[in-house]
Amino acid sequence: MKIKIFNTLTKKKEIFQPANEDCVNMYVCGPTVYSNPHIGNARAALIPDILFRLLKKRYRKVNYIRNITDVDDKIMDAAKSEKKTVFEISKKYTKIYQQNMSVLGLLEPTFQPKVTDNIPIIIETINKIIDGGFTYIADNHVLFDTEKFPDYGKFSNRTLDEMIDGVRIEIASYKKSPRDFVLWKPSDKEQPGWDSPWGYGRPGWHIECTSMVKKIIGMDNILDIHGGGNDLIFPHHENEIAQGFCATNTKYCNYWFHNGIVLVNKKKMSKSLGNVILINDLIKKISPMTIRLALMSAHYRQPLNWSASTIDESINLIKKFEKIFNDNSSINNSEDECDELVDILSDDLNTPEAMTYLSSVSKKAKANRHDKKAFISSCNFLGFDFKNDNKPVKETLIDEVVIKELINERNLARKNKDFDKADKIRQKLNQMDIEIEDLADRTVWKIK
RNA sequence: GGCUAAGUGGCAGAGUGGUAAUGCAGCGGCCUGCAAAGCCGUCAACGCCGGUUCGAUUCCGACCUUAGCCUCCA
């Protein structure tokens, strides 16, 4: 089984070959914990989740690292506006993030390092970069000198001239070049900070990832895979590559993958447009597995347009899957008959094709045991969990007793051939957002 | 302005050097008190202009359009 993945570094689809067959290391940029996670955060976590599952199938040991950035100016701003400490804010949103991801059926990463737990290694990494002569100090900041790294810009395919064309950037006066970036910056007494060789301060934006990678995989080892949203290609990952190389004088990472962003009404989500969709809001309306499926409906490198029809189609499909899954729940829950699915996913995580496959095998599942097993084990592999409460949160607010009484009343009316009354009751249930379905021997209901 | 990705039926979305999956919606039918679900059948598409080729939707080039990045961003 060969896993192919599009490598942003080479701009080609490549066969994945880890540095060490016995242990694969993958790092993915996790959230900065300053607000509620949105559907874009979910996509950025779900794609590596699928890749993680695939890698685990193939390799004995996989270290999946997803960081938590818990020091950042945005967190400081949030603390101010919520009138809480930075620590309270980061703790609160870390918890919500992890809960949200777990509800969506994501596996826990092997490591979830926090920046605040890793200040010593960050200082050590900065020291190595300084020792290599790639930095300068200005206005109490330690800055990375991009002039000293000739490959700077290669990854994101940018030159200084192009960037100056952008002109919208306000360049900090202490920078020698606009593209230089901060490794360490000073904090005042009110701000979070740590003592360092360069005074009391805190790490810049990019250095934490590089440092935590190196801490976990070892300073001189090359990372196999690094992922993140494609809006991180520049400057974040460009800067990581520069730092990562300059800290150890070795290649930083072999394979880079980037997921496309989530669009809402064909526009990127942003607070200013007011179109940010939070996981917490979404799970009130639609089930977690519906969200999971919707996020897989587009190929990961394409933008995913989130719209009413995206949701409707996912709801329809997941209903079918759930029904067939539950009808066959006696079949064991292993993942050992999902070879076809694994083949599909091995080709650059083709999740839309995987959904097509699931759809077709779900139809055949009624007829024969082999397809039943393939369907169940494919669902398991993809993390579709219908056993737990796969229901929108609003469902818990509904009074089951009342509904059951109405259904009984209606069935009595049907028995007496009083169809007028039966239809009226169905109408009433409809108004309560309850949809009913008459089966041969009973009536089932669900939330619309 | 520069860079990147993409443009496939009503919508979503695979895929391919020899005219193209699948899902939703639509239409017709079976089933049903009626619905729903299910099943069967069915209509319908490769942005535009050139080039390469026996042949291109697929390769190459120009153009148009859309989105993203170039500033914090998943």
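We name chains A, B, ... by the order of the sequence lines, and we start the count at 1 in each one. Side chains included, hydrogens not; waters and symmetry mates left out as well; all remaining heavy atoms used.
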How long is the line joining CG of A:Asp441 and P of B:A37, in whole Å? 19 Å
Given atom NZ of A:Lys421 and atom P of B:C34, what is their separation to the nearest angstrom? 21 Å
Which nucleotide, in any strand shown, forms a Watson-Crick or G-U wobble pair with B:U22, with both distances under 3.5 Å? B:A12
Distance between C1' atoms of B:G9 and B:C43 (Å, rounded): 10 Å
When you compare B:C48 with B:A56, how far apart are their P atoms, in angstrom units rounded to a whole number? 15 Å
Check every strand shown and say whether A:Arg301 touches a base, only sugar-phosphate, or nothing at a heavy-atom separation below 4.0 Å. nothing
For the pair made of CG in A:Asp231 and P in B:U71, what is the distance, rounded to whole Å? 13 Å
Is there a ring pair (Phe, Tyr, Trp, His ring centres under 6.0 Å) between A:Phe321 and A:Phe375 once you walk through the steps? CA-CA 9 Å; A:Phe321 289 172; A:Phe375 176 74; 5.8 Å; yes
Which of parallel (below 30°), tilted (30 to 60°) and perpendicular (above 60°) describes A:Phe144 and A:Phe149? perpendicular
Given the P atoms of B:G47 and B:G10, what is the spacing between them in whole Å? 13 Å
Between B:U42 and B:C49, how far apart are the P atoms? Round to whole Å, please. 32 Å
So, OP1 or OP2 of B:C3: does either fall under 4.0 Å of a side-chain N or O from A:Asn157? no
Please state how far atom CD1 in A:Ile436 lies from atom C1' in B:A37, giving the value in whole angstrom units. 13 Å
Would A:Asp180 and A:Thr146 count as having a side-chain donor-acceptor pair, cut-off 3.5 Å? yes
Indicate, with a heavy-atom threshold strictly under 4.0 Å, whether A:Lys417 touches base, sugar-phosphate, or nothing. nothing
With a 3.5 angstrom cut-off on both distances, give the Watson-Crick or G-U wobble partner of B:G1, or none if there isn't one. B:C70
Side-chain N or O of A:Lys268 versus OP1/OP2 of B:A74: is the shortest distance under 4.0 Å? no
Would A:His206 and A:His237 count as a close aromatic pair, with their ring centres under 6.0 Å? no
Counting the benzene-type ring for Trp, do A:Tyr255 and A:Phe16 have ring centres under 6.0 Å apart? yes
Tell which nucleotide pairs with B:C31, taking only Watson-Crick or G-U wobble pairs whose two distances are both under 3.5 angstrom. none
Does A:Lys363 have a side-chain nitrogen or oxygen under 4.0 Å from the phosphate oxygens OP1 or OP2 of B:U22? no
The side chain of A:Glu437 is closest to which nucleotide in this list: B:A74, B:G23, B:A36? B:A36
So, do A:Tyr64 and A:Phe52 have ring centers that fall under 6.0 Å from each other? yes
Give a yes or no on whether a donor-acceptor pair under 3.5 Å exists between the nucleobase atoms of B:G33, that is its base, and the side chain of A:Asp420. no
Could you let me know what B:U65 is paired to, Watson-Crick or G-U wobble, both distances under 3.5 Å, or none if it's on its own? B:A6
A:Asn316, nearest nucleotide to its side chain (from B:A25, B:G33, B:A74): B:A25
Need one value for A:Ser360: base, sugar-phosphate or nothing, where a base atom within 4.0 Å counts as base even if backbone is also close, heavy atoms only. nothing
Kindly point out which of B:G68, B:A25, B:A74 is positioned nearest to the side chain of A:Asn230? B:G68
Check the distance between B:A37's P and A:Trp445's CH2 and give it to me in whole angstrom. 18 Å
Residue A:Glu313, side-chain heavy atoms: nucleotide from B:G38, B:A74, B:A12 that is nearest: B:A12
A:Asp420, CG atom: more than 12 neighbouring heavy atoms under 6.0 Å: no
Please give, in whole Å, the distance from B:C34 P to A:Gln427 CD? 18 Å
Choosing from B:G33, B:A12, B:A36, which nucleotide comes nearest the side chain of A:Glu435? B:A36
Checking only heavy atoms, does the side chain of A:Asp438 share a donor-acceptor pair with the base of B:C34 at less than 3.5 Å? yes
Determine the interatomic distance between P on B:C60 and the same-named atom on B:U4; round to the nearest Å. 14 Å
Between B:A21 and B:C63, how far is it from one P atom to the other, in whole Å? 34 Å
Taking 4.0 Å as the cut-off, does a side-chain nitrogen or oxygen of A:Asn350 come that near to OP1 or OP2 on B:G15? yes
Just call it for A:Lys323: base, sugar-phosphate, or nothing, with non-hydrogen atoms closer than 4.0 Å on any strand. sugar-phosphate
Classify the side chain of A:Arg43 versus the base of B:A74 as yes if they form a donor-acceptor pair under 3.5 Å and no if they do not. no
Note: for A:Phe6 and A:Ser307 on RNA chain B, the residue whose nearest nucleotide lies more 5' is A:Phe6
If pairing requires Watson-Crick or G-U wobble contacts with both distances under 3.5 Å, which nucleotide is the partner of B:G17? none
Per atom distances to the A:Leu232 side chain, the nearest of B:G33, B:A74, B:A67 is B:A74
Looking only at the side chain of A:Lys267 (C-beta and beyond, no hydrogens), which of the listed nucleotides B:C39, B:A74, B:A67 gets closest? B:A67
Length of the line joining A:Leu439:CG and B:A36:P, which is rounded to integer Å: 14 Å
Describe the nucleic acid contact of A:Val28 in one word from base, sugar-phosphate, nothing, applying a heavy-atom distance below 4.0 Å. nothing
Taking the side chain of A:Pro352 as heavy atoms from C-beta outward, which of B:G13, B:G23, B:C34 is closest to it? B:G13
Both distances below 3.5 Å, Watson-Crick or wobble geometry, any strand: find the nucleotide opposite B:G50. B:C60
Sticking with atom C1', work out how far B:C46 lies from B:G7, rounded to a whole angstrom. 10 Å
Should A:Lys319 be listed as having a side-chain N or O under 4.0 Å from OP1 or OP2 of B:A37? no
Choose from B:A74, B:C39, B:C72 the nucleotide whose nearest atom is closest to any side-chain atom of A:Lys74. B:C72
Between the main-chain N or O of A:Pro235 and the side-chain N or O of A:Glu238, is there a donor-acceptor pair closer than 3.5 Å? no
Could you state the atom-to-atom distance from CZ of A:Arg410 to P of B:A35 in whole Å? 13 Å
Counting side-chain heavy atoms from CB outward, which of B:G68, B:C39, B:A74 is closest to A:Asn259? B:A74
Using the P atom as the point on both nucleotides, what is the distance between B:U66 and B:C27, in whole Å? 34 Å
Could you tell me whether A:Lys114 atom NZ has more than 12 heavy atoms of other residues or ligands within 6.0 Å of it? no
Any chance the rings of A:Phe234 and A:Phe155 have centres within less than 6.0 Å? no
Scan A:His236 against the nucleic acid and name what it touches under 4.0 Å (heavy atoms): base, sugar-phosphate only, or nothing. nothing
